[in-house]
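Computed over heavy atoms, backbone and side chain alike; hydrogens, waters and symmetry mates excluded.
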Amino acid sequence: MHVLSPTFCALALISVSGPALALDSWTATTERGLPVLSLTQGEGSVRIVCDPDRVFGPTPNGAVLVTLPKDKAPTTVVFLAKTGEQARLAVTNNIAAQAKIDAAEWAKMVEILRTGGAFAVVSSADSLSFETTPLPDLACE
């Protein structure tokens, strides 16, 4: 029996879904002096924290917090854009810390979010799909 990969399933779901009735909206807050952007869908969410002014040190220390409804402790998540771009992030305690992951993968994830449009966040056992407006001012390098 052949089992489809979560990545293929997420891409198929994104590509066959009809036009969205409304775009998913980012919620902007400030926590500990840092900008935080959040997307929520049911029991799942994606939050990105940036430190563009290096408030907490000279090294980049942004983070992505991913909460998946079915996969409570993923070790890897992949951001998949409908256009084919993808970024694979190692996750510990639902957090992908910029300082601890591959800089090229972090940059790809930031570009997916900056570009907006349809994208999914998938693990080996779960996924979330969103469609957002672009975030051209996302300062998370």
Side-chain angles (χ1 to χ4, degrees), residues 2-141:
H2 180 69
V3 178
L4 296 176
S5 74
T7 303
F8 178 78
C9 291
L11 285 173
L13 180 65
I14 290 173
S15 64
V16 298
S17 63
L21 297 176
L23 294 176
D24 296 300
S25 297
W26 288 98
T27 301
T29 58
T30 301
E31 294 180 22
R32 296 183 63 207
L34 298 176
V36 178
L37 294 170
S38 304
L39 286 172
T40 302
Q41 184 182 95
E43 296 178 27
S45 66
V46 174
R47 296 176 48 178
I48 184 163
V49 181
C50 302
D51 185 4
D53 299 322
R54 303 289 192 261
V55 172
F56 291 99
T59 59
N61 59 13
V64 173
L65 296 84
V66 177
T67 303
L68 298 169
K70 296 176 190 164
D71 192 356
K72 300 298 182 190
T75 57
T76 302
V77 296
V78 179
F79 281 71
L80 301 166
K82 184 177 182 178
T83 55
E85 294 84 5
Q86 58 181 298
R88 180 184 283 315
L89 307 178
V91 179
T92 304
N93 297 321
N94 293 359
I95 299 171
Q98 182 180 7
K100 293 182 179 181
I101 62 174
D102 183 84
E105 295 299 312
W106 179 266
K108 289 186 224 175
M109 183 268 309
V110 169
E111 190 56 32
I112 288 169
L113 299 180
R114 276 189 184 141
T115 303
F119 70 94
V121 181
V122 302
S123 72
S124 62
D126 205 355
S127 68
L128 292 170
S129 296
F130 299 100
E131 187 163 358
T132 65
T133 58
L135 293 172
D137 297 329
L138 181 62
C140 222
E141 278 70 56

Separation between SG of C50 and CG of L135, rounded to the nearest 0.5 Å: 9.5 Å
Any side-chain heavy-atom pair of L89 and V78 under 4.5 Å: no
Heavy-atom donor-acceptor pair, N93 side chain to I95 backbone, under 3.5 Å: no
Evaluation steps, side chain to side chain contact (heavy atoms under 4.5 Å, CB included), between L128 and L68: CA-CA 7 Å; L128 292 170; L68 298 169; 3.8 Å; yes
T115 OG1 to E85 CD distance, which is reported to the nearest 0.5 Å: 7.0 Å
Side chains of D24 and T132, donor plus acceptor under 3.5 Å: no
Under 3.5 Å donor-acceptor, E131 side chain and A118 backbone: no
L34 side, atom CG; D53 side, atom CG - distance, nearest 0.5 Å: 9.0 Å
Side-chain touch S123/T76, heavy atoms, less than 4.5 angstrom: no
Distance-minimising heavy-atom pair for S38 and V36: OG-CG1, 4.0 Å
Close side-chain approach of N94 to P74, heavy-atom, < 4.5 Å: yes
K72 atom NZ: more than 12 heavy-atom contacts under 6.0 Å: yes
Atom pair CD/CZ of Q86 and R88 - distance to nearest 0.5 Å: 7.0 Å
Separation of S45 OG from L39 CG (nearest 0.5 Å): 9.0 Å
E111/K108 under salt bridge (Lys or Arg N to Asp or Glu O under 4.0 Å): CA gap, chis, key distance, verdict: CA-CA 5 Å; E111 190 56 32; K108 289 186 224 175; over 6 Å; no
Close side-chain approach of V64 and F79, heavy atoms under 4.5 Å: yes
Shortest non-hydrogen separation from S129 to Q41 and the atoms involved: O-NE2, 2.5 Å
Sub-4.5 Å side-chain heavy-atom contact between L37 and R47: no
Smallest separation among heavy atoms of A87 and I112, with atom names: N-CD1, 4.2 Å
Side chain to side chain, M109 and I48, heavy atoms closer than 4.5 Å: yes
F130 and F119 aromatic ring geometry - parallel, tilted or perpendicular at 30°/60° bounds: tilted
Donor-acceptor pair, side chain of W106 and main chain of C140, under 3.5 angstrom: yes
4.5 Å side-chain heavy-atom contact, V49 and P35: no
Separation of D51 CG from R32 CZ (nearest 0.5 Å): 10.0 Å
